[in-house]
Amino acid sequence: QVRLVESGGGLVQTGGSLRLSCGVAGRTFSNYDVSWFRRAPGKEREFVATIKWDGVNKEYVDSVQGRFTISRDDAKNTVYLQMNSLNPEDTALYYCAIDRRALRLGLPSGRADDYDFWGQGTQVTVSS
């Protein structure tokens, strides 16, 4: 059974930083792209960032480009999301998800349908 567990969320002031972690079990982690999504109150789920199985290619939604950094540690089966310069618009429940396809070719996908297992989410709240 594949399991993803997020941690690292919390309450932070505008301009602050948080680092989210996503631990993955039950799949050969190093073969899969992993992404972060978020859902803000009253809004649709939104793609945030993704990292390919090779750790080289990364993609970000425009609103977090330059502020967020996604990385992975295959030895720990963990993906991280370093979030800097946070603002209230970043307030959301953050989820990680793992690609349904191993060793996907080309750019990593930001489409939720391409991910088959999801974590329960970790809440990030940014106060103004």
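For the residue pair D74 and N77, the shortest heavy atom distance occurs at O-OD1, 3.1 Å. Closest approach of I98 to V34, counting heavy atoms only: CG1-CG2, 4.2 Å. Shortest non-hydrogen contact noted between T78 and S21 is CG2-CB, 4.2 Å. The two residues L4 and C96 come nearest to each other via the heavy atoms CD2-SG, 3.6 Å. Heavy-atom minimum distance, G8 versus L18: O-CD2, 3.8 Å. The minimum heavy-atom distance linking A112 with R45 is given by the pair CB-NH2, 3.4 Å.
Side-chain N or O atoms of W36 include none that pairs as donor or acceptor with a backbone N or O of Y95 at under 3.5 Å. T91 contributes no side-chain N or O that, together with a main-chain N or O of E89, makes up a donor-acceptor pair within less than 3.5 Å. Side chain of D33 to main chain of W53: a donor-acceptor pair is present (N/O by atom type, distance under 3.5 Å, no hydrogens or angles). At least one donor-acceptor pair closer than 3.5 Å links the side chain of R67 to the backbone N or O of S85. For K52 (side chain) and L103 (main-chain N/O), no donor-acceptor pair under 3.5 Å exists by modelled atom type.
Taking CG of N57 as the start and CZ of R104 as the end, the distance is 13.0 Å to the nearest 0.5 Å. Rounding to the nearest 0.5 angstrom, the gap separating the CD atom in E59 from the CG atom in L107 is 5.5 Å. Interatomic distance, OH of Y94 versus CD of Q123, reported as 9.0 Å (0.5 Å rounding).
Side-chain contact check for V124 versus M83: some heavy-atom pair is nearer than 4.5 Å. By the 4.5 Å heavy-atom criterion applied to side chains, F68 and V61 are not counted as neighbours. By the 4.5 Å heavy-atom criterion applied to side chains, Y60 and V48 are not counted as neighbours. Between T14 and S127 there is no side-chain heavy-atom pair separated by less than 4.5 Å. Within the 4.5 Å cutoff, no side-chain heavy atoms of F37 are placed close to those of L93.
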Kindly indicate, with the supporting measurements, whether the criterion side-chain contact (heavy atoms from CB on, under 4.5 Å) is fulfilled by E6 and L20.
CA-CA 7 Å; E6 303 96 337; L20 306 184; over 6 Å; no
Let me see the working for V12 and T125 under side-chain contact (heavy atoms from CB on, under 4.5 Å), right down to the final yes or no.
CA-CA 6 Å; V12 64; T125 302; over 6 Å; no
For residues 115-122, which side-chain N or O atoms pair as donor and acceptor with protein atoms under 3.5 Å away, sequence neighbours left out?
from: Y115; atom 1: OH; to: S35; atom 2: OG; distance (Å): 2.6
from: Y115; atom 1: OH; to: T50; atom 2: OG1; distance (Å): 3.4
from: Y115; atom 1: OH; to: S109; atom 2: O; distance (Å): 2.4
from: D116; atom 1: OD1; to: R27; atom 2: NH1; distance (Å): 3.0
from: D116; atom 1: OD2; to: R27; atom 2: NH2; distance (Å): 3.0
from: W118; atom 1: NE1; to: Y115; atom 2: O; distance (Å): 3.3
from: T122; atom 1: OG1; to: G9; atom 2: N; distance (Å): 3.0

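For R38, the salt bridge (Lys or Arg N to Asp or Glu O under 4.0 Å) criterion is met by E46, D90, not counting sequence neighbours.
Cluster annotation: Y80 and I51 are assigned to distinct hydrophobic clusters (Ile/Leu/Val/Met/Phe/Trp/Tyr, side-chain heavy-atom contacts under 4.5 Å, transitive).
Both the sub-6.0 Å distance and the 45° axial angle are not jointly satisfied by R100 relative to the ring of Y32.
Counting only N and O atoms by type, the side chains of Q82 and N84 include a donor and acceptor under 3.5 Å apart.
A salt bridge links R111 and D113; the closest N-O separation between the charged side-chain nitrogens and carboxylate oxygens is under 4.0 Å.
Heavy-atom contacts from other residues, nucleotides or ligands closer than 6.0 Å to CZ of R39 number more than 12.
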